[in-house]
**Q** 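There's a structure below that I have some questions on.
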Amino acid sequence: METLRSIHIVALGSECPGGVGPGEEIIGQGQLQGGLLWSYLGHGALVGPCDLESSLHNPAFMEYTSRVFGDVTVVVRDCPSWELLDSDWANVRKVLEQADILVIKYSVTDKLAFQQVRNGYAPRLRPLLRHWGVPVILVAVGARLNDEGPPCTCPLCASDWSSCVPHSEGLQLSRDLGATYLELPSLNHVFVGRYFGSVLEYFMIQCLKHKAKERPEKRRGNKVNELRPPHLEQPARLPPIRVEESSFSQDMQWLLERGVQFADVAFYAGDSGKELGWAHAAVLCAVSPYFRQLLLGPKTRERPQSRCVCRERDGGPHSLLSTWDGGIIDDMPRSDGHLTGRLSRLVVKDPLLCMCLWETLMFIYRGAWEWEHLQEALEEKLKNSLAVAQLMERIRSLIGRERGLRDTPSARAAQLGPQTLVNLFNSPLYSDVIFMVQGSVLPAHRAVLVARCDVMAAMFSGKYAEARSRVVPIHGVSSDTFLSFLEYLYTDSCCPTSVLQAMAVLVCAEMYQVKRLQHLCEVCVCAYLQSMPSRELASTGISVVRLLRRAKCHNAEQLYIWLLHFIANNYLIFSHKPDFMELSGQCEFVTGSRHF
C-alpha cells in the first residue's frame, strides 16, 4: 500500500546556464536547494537515498523525498548531467522505467546545451516515453534579455537572440516528446508555485487516481490505459482559418446604385434644374468636410466657398454646390414613390462636376482613395486632359484634400476605405434608427446597415415593423456585443478583447449572417488560445470543449476543426479536465486519429 501512496519523479537537465561539465561534481545540497523541484517540494524534503526503491539508488542522481497532500510520499531523483545517458544508459533506463512523472529542464540562456539535448538525447528518449506513457513536463527557466527594454517573457516573441533558446524551439521540442511546455522567467514562489506547481500537482493527482485503479504488480504490465499523448502525424500544424476579402467598397457602391429607398440628398443641375441623382447625407458628411458645412451649417443656407483654382481665377465668389431655395423639405415624395423624413436638395453649379457627378459620388462612396481609377473614369468621360485636371483639383477641395498632396500610400491611409465611416459609428449625426439593447441607446444609420448586412436590408426594406419604426429593440444580445457588431459594419474591423467576447460577437454575426465577421472572430479565438502557454491552458477557467460545442452549434466549421486539432495537440492538458468526456463522438479523433 505504501507504493500506491508514493509518486516517483525523475528530473533530467539543468536549469542553470552551463549545466554540469565532464568531471565536475554532479550536484550538491547547496545547488539543489536553488533548483526547480526543490523550490517547490523542499520545505519538508529529506536528502538521501529513498527507502522505497533502494535497489535503484544511483550516485549520479541526487535523491530526496518529500510529502504532499498530507500522506503522499514524493520521491525525486534529479540528474543535471545529460552525459550520464552516454556513460551509464542501462542504470538510467531502470530509473526512468520507475518514473511516474518526468521533468526535463533547461536554461533559455544556454542555447548550446539545448541543442545537444534536442539533437542527441531527445531522439533516444522519444520512443521510450511513448511506449511507457509517462507524463513529461518540459520546463524552460530564465528570461530572454532584450537590448531595448526589460527581459521578454512573451510566448509570441519572435526574436531569436544568438545565445537564447526561442520560444518556438522549446515548444517544438515539447511536441516531439509529447510534453507539457512551461516557461518560468525565474524560480520565485509565484512562477514555481502557481505555474509549475499547479501543473505538477495536476499530474500527481492523476497518477494517484490511476494507481488506485490497478494492482501494484501490474502497474507496469498494462500500458494501454496510462496517460499518453495522441500519435498524430502533424501535431504542430494547425489548420488555417480563411477570411474572405473585404467587400466594404462593393457594399457602399451597391448603396449608391440601388439604395435610393434610403437616400435623403437630391442633386439638380444648376442651369436646367434637371434631377441628376440621389445620395445619402450620412455618407457624404462622413467623407467630405465640404458636405458637412453645406448640409449641417447654421440654418443650412450658408454656402461654403470652394478652394478650387477657378474661384481665384474668376475673381468672384464661386461655389461647386449650393442649397436649393427652400433648403430642406420634410416628407417630400420622390419620383420612385418612397417617402423620406428629411430631404436636402443641392444644386450643382460647376458644369464639369455636373457632367461627372456620378463618377465623383462613386469615388466618395468607395472610400475616397482610388484616385487613379477616378482619373481614368474622368478621362474617358471628358476626353480633355485640361478639364480632367481642373475637375480633379475641385474634387480634392470637395473632400478636404490639400492641394498638391501626392497620392502616396501613406497619404491614402488617412482616407482608406472603411475608415471613412468611422465618425458615423455610434454617432447621432444623421441617425435615422435607434437600437435599444439592454437599456443602452445605440444610434445607427439605415443606409449603412442595409448596405453591409443582408438581414438588416430585409428587416428595414420589407413589410416588417422595423421598417416603420425609429426605435428597434434587440433581444438575446448584450449591448457590448451588439456595439462590436455595429463597429464592424461601419469600420470593417473587429477587435474583441477576450476569447469569450470574440465568441459572443461570433454568435451575433451568425445571427445576422455576416460571414466575414464570423471568420474574423474565429481568427481572434484561435489567436488568443494559441498565445496561451501550457501553464495557463492547464489552469484557465475557459472551457475549450464548450467552445468546441458552441462553434458546432453556430456553424463555425473552421473554428470547430481548429479546436479539435488544438485539443489533440494539447492532449495531456485537456484529457484530464472534467468536461473532456463531453466530446463523446470526437474522442476517437482527439486521442489517436491520423485523418489530418
**Q** For the ring pair Trp371 and Phe363, is the centre-to-centre distance below 6.0 Å?
**A**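 Centroid distance Trp371-Phe363: below 6.0 Å, so yes.
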
**Q** Does Val523 have any side chain to side chain contact (heavy atoms under 4.5 Å, CB included) partners at least two apart in sequence or in another chain, and if so, which?
**A**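 By the side chain to side chain contact (heavy atoms under 4.5 Å, CB included) rule, Val523 matches Ile241, Val243.
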
**Q** Are Glu522 and Gln518 close enough that a side-chain donor and a side-chain acceptor fall under 3.5 Å?
**A**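 The criterion, which ignores hydrogens and geometry beyond distance, is not satisfied for Gln518 and Glu522.
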
**Q** Would you check if Pro533 and Tyr181 make a side-chain contact, meaning some heavy-atom pair closer than 4.5 Å?
**A**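 With C-beta onward as the side chain, the pair stays apart.
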
**Q** Ser469 side chain to Glu466 main-chain N or O, any donor-acceptor pair under 3.5 Å?
**A**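 Pair absent, no side-chain N/O of Ser469 close to backbone of Glu466.
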
**Q** With Arg546, which residues qualify under side-chain hydrogen bond (donor to acceptor under 3.5 Å, both in side chains), at least two apart?
**A**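 Residues passing side-chain hydrogen bond (donor to acceptor under 3.5 Å, both in side chains) with Arg546: none at all.
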
**Q** Looking at side-chain heavy atoms only, is the closest gap between Tyr488 and Ser484 below 4.5 Å?
**A**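 A side-chain contact under 4.5 Å is absent here.
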
**Q** Is the shortest side-chain N to carboxylate O distance from Glu557 to Lys552 below 4.0 Å?
**A**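 Judged by the 4.0 Å cut-off on N to carboxylate O distance, Glu557 and Lys552 do form a salt bridge.
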
**Q** How far does OG of Ser288 sit from CG of Leu398, to the nearest 0.5 angstrom?
**A**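 Nearest 0.5 Å value for the OG-CG distance: 4.5 Å.
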
**Q** Give me the atom names and distance for the closest heavy-atom approach of Phe435 to Ala444.
**A**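 For Phe435 and Ala444, the tightest heavy-atom pair comes out as CE1-CB, 3.7 Å.
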
**Q** Do Met252 and Leu256 have side chains that approach each other closer than 4.5 Å (heavy atoms only, starting at C-beta)?
**A**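 No, side chains not in contact.
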
**Q** Cut-off 3.5 Å, no hydrogens considered: what does the side-chain donor-acceptor table look like for residues 354-362, sequence neighbours left out?
**A**
unit_1: Thr360; atom_1: OG1; unit_2: Cys356; atom_2: O; d: 2.9

**Q** Can you pull the salt bridge (charged side-chain N to carboxylate O under 4.0 Å, His left out) pairs that have at least one residue in residues 440-462, sequence neighbours excluded?
**A**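 Only Asp251-Arg452, Arg452-Asp492 qualify under salt bridge (charged side-chain N to carboxylate O under 4.0 Å, His left out).
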
**Q** The test is side-chain contact (heavy atoms from CB on, under 4.5 Å); show your working for Leu489 and Phe425 and say whether it passes.
**A** CA-CA 9 Å; Leu489 297 184; Phe425 169 61; over 6 Å; no

**Q** Applying salt bridge (charged side-chain N to carboxylate O under 4.0 Å, His left out) as the test, list every pair that has at least one member in residues 280-289; sequence neighbours left out.
**A**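 Sorted result for residues 280-289: empty, none.
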
**Q** On a heavy-atom basis, which atom in Cys521 and which in Ala502 lie closest, and how many Å separate them?
**A**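 Result for this residue pair: CB-O, 3.5 Å.
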
**Q** Taking only residues at least two apart or on different chains, which pairs with a member in residues 436-479 satisfy ring pair (Phe, Tyr, Trp, His ring centres under 6.0 Å)?
**A**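 Residue pairs with at least one partner in residues 436-479: His445-Tyr490.
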
**Q** Would you say that Tyr268 contacts Val348 through its side chain, given a criterion of any heavy-atom pair below 4.5 Å between the two side chains?
**A**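 Of all side-chain heavy-atom pairs linking Val348 with Tyr268, none is under 4.5 Å.
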
**Q** State the CD1-OH distance between Ile395 and Tyr290, to the nearest 0.5 angstrom.
**A**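 With rounding to 0.5 Å, CD1 (Ile395) is 13.0 Å from OH (Tyr290).
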
**Q** Just verifying a value: how many Å separate Leu517 CG and Glu487 CD, rounded to the nearest 0.5 Å?
**A**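 Leu517 atom CG to Glu487 atom CD measures 10.0 Å (nearest 0.5 Å).
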
**Q** State which residues pass side-chain hydrogen bond (donor to acceptor under 3.5 Å, both in side chains) with Ser478; sequence neighbours excluded, sorted by chain then number.
**A**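 Testing Ser478 for side-chain hydrogen bond (donor to acceptor under 3.5 Å, both in side chains), a comparison that skips the adjacent residues, returns Thr481.
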
**Q** Flag the pair Ile474 / Met436 as yes when at least one side-chain heavy-atom distance between them is below 4.5 Å, and no otherwise.
**A**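 Contact flag for Ile474/Met436 side chains = no.
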
**Q** Is the closest side-chain heavy-atom distance between Leu424 and Tyr430 below 4.5 Å?
**A**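 Sidechains of Tyr430 and Leu424: no contact.
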
**Q** For the residue pair Ser246 and Gln250, what are the closest heavy atoms and their distance?
**A**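 What the structure gives for the nearest pair is O-OE1, 3.8 Å.
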
**Q** Go through the structure and list residues passing side chain to side chain contact (heavy atoms under 4.5 Å, CB included) with Ala457, not counting sequence neighbours.
**A**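 So Ala457 forms a side chain to side chain contact (heavy atoms under 4.5 Å, CB included) with Val450.
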
**Q** Please check this pair: side chain of Ser531 against backbone of Tyr528, looking for a donor-acceptor N/O pair closer than 3.5 Å.
**A**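 Such a contact is found between Ser531 side chain and Tyr528 backbone.
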
**Q** Any idea how Phe482 and Phe485 line up, ring-wise: parallel (<30°), tilted (30 to 60°), or perpendicular (>60°)?
**A**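 Geometry flag for Phe485 against Phe482: tilted rings.
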
**Q** Decide, yes or no, whether a salt bridge links Asp432 with Arg470 under the criterion of side-chain N to carboxylate O below 4.0 Å.
**A**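 No salt bridge links Asp432 with Arg470.
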
**Q** Can you list the steps and then say if Leu378 with Leu352 is a side-chain contact (heavy atoms from CB on, under 4.5 Å)?
**A** CA-CA 10 Å; Leu378 296 182; Leu352 292 178; over 6 Å; no

**Q** So which atom in Asn426 and which in Pro443 form the shortest heavy-atom distance, rounded to 0.1 Å?
**A**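 For Asn426 and Pro443, the tightest heavy-atom pair comes out as OD1-CD, 3.3 Å.
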
**Q** By side-chain hydrogen bond (donor to acceptor under 3.5 Å, both in side chains), which residues pair with Ser440, not counting sequence neighbours?
**A**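 Counting only residues at least two positions away or on another chain, Ser440 forms no side-chain hydrogen bond (donor to acceptor under 3.5 Å, both in side chains).
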
**Q** Between Gln558 and Tyr560, is there a side-chain donor-acceptor contact under 3.5 Å, judged purely by atom types and distance?
**A**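 No, because no side-chain N or O of Tyr560 sits under 3.5 Å from a partner of the opposite role on Gln558.
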
**Q** Please confirm whether the backbone N or O of Val108 pairs with a side-chain atom of Lys111, one donor and one acceptor, at under 3.5 Å?
**A**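 Pair absent, no side-chain N/O of Lys111 close to backbone of Val108.
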
**Q** What verdict does the side-chain contact (heavy atoms from CB on, under 4.5 Å) test give for Met503 and Arg550, after you've listed the backbone C-alpha separation in whole Å, the side-chain angles of each residue and the deciding distance to 0.1 Å?
**A** CA-CA 8 Å; Met503 284 301 299; Arg550 292 191 70 186; 3.8 Å; yes

**Q** Between Ser498 (side chain) and Gln501 (backbone), is there a donor-acceptor pair under 3.5 Å?
**A**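 Side chain of Ser498 to backbone of Gln501, a donor-acceptor pair under 3.5 Å: yes, one is there.
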
**Q** So, taking the atom named CG in Leu255 and the one named CD in Gln253, what distance separates them when rounded to the nearest 0.5 Å?
**A**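 The distance works out to 10.5 Å.
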
**Q** What is the distance from atom CG of Leu374 to atom CH2 of Trp369, rounded to the nearest 0.5 Å?
**A**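 That separation rounds to 13.0 Å.
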
**Q** Evaluate side-chain contact (heavy atoms from CB on, under 4.5 Å) for Cys285 paired with Leu295, printing each intermediate quantity in order.
**A** CA-CA 8 Å; Cys285 292; Leu295 297 173; 3.9 Å; yes

**Q** Taking C-beta and beyond as the side chain, do Gln172 and Glu169 meet within less than 4.5 Å on heavy atoms?
**A**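 No - every pair of side-chain heavy atoms lies 4.5 Å or more apart.
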
**Q** Leu353 versus Leu391: any side-chain heavy-atom pair under 4.5 Å?
**A**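 They are in contact (side-chain heavy atoms under 4.5 Å apart), so the answer is yes.
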
**Q** Which heavy atom of Ile561 sits nearest to which heavy atom of Pro239, and what is that distance?
**A**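 Closest heavy-atom pair between Ile561 and Pro239: CG2-CG, 4.2 Å.
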
**Q** With rounding to the nearest 0.5 angstrom, report the SG to NE2 distance, Cys508 to His554.
**A**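 Going from the SG atom of Cys508 to the NE2 atom of His554 covers 11.0 Å.
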
**Q** Taking only residues two or more places apart in sequence or in another chain, which ones pass side-chain hydrogen bond (donor to acceptor under 3.5 Å, both in side chains) with Ser543?
**A**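 With neighbours one apart ignored, the set is Asp579.
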
**Q** With sequence neighbours excluded, tell me which residues meet ring pair (Phe, Tyr, Trp, His ring centres under 6.0 Å) with Tyr365.
**A**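 Testing Tyr365 for ring pair (Phe, Tyr, Trp, His ring centres under 6.0 Å), a comparison that skips the adjacent residues, returns His280.
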
**Q** Using the ring pair (Phe, Tyr, Trp, His ring centres under 6.0 Å) criterion, which residues pair with Phe291? Sequence neighbours excluded.
**A**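 Ring pair (Phe, Tyr, Trp, His ring centres under 6.0 Å) list for Phe291, sorted by chain: empty.
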
**Q** Would you check, one step at a time, whether the test salt bridge (charged side-chain N to carboxylate O under 4.0 Å, His left out) holds for Glu245 with Arg516?
**A** CA-CA 8 Å; Glu245 293 184 2; Arg516 183 171 183 271; over 6 Å; no

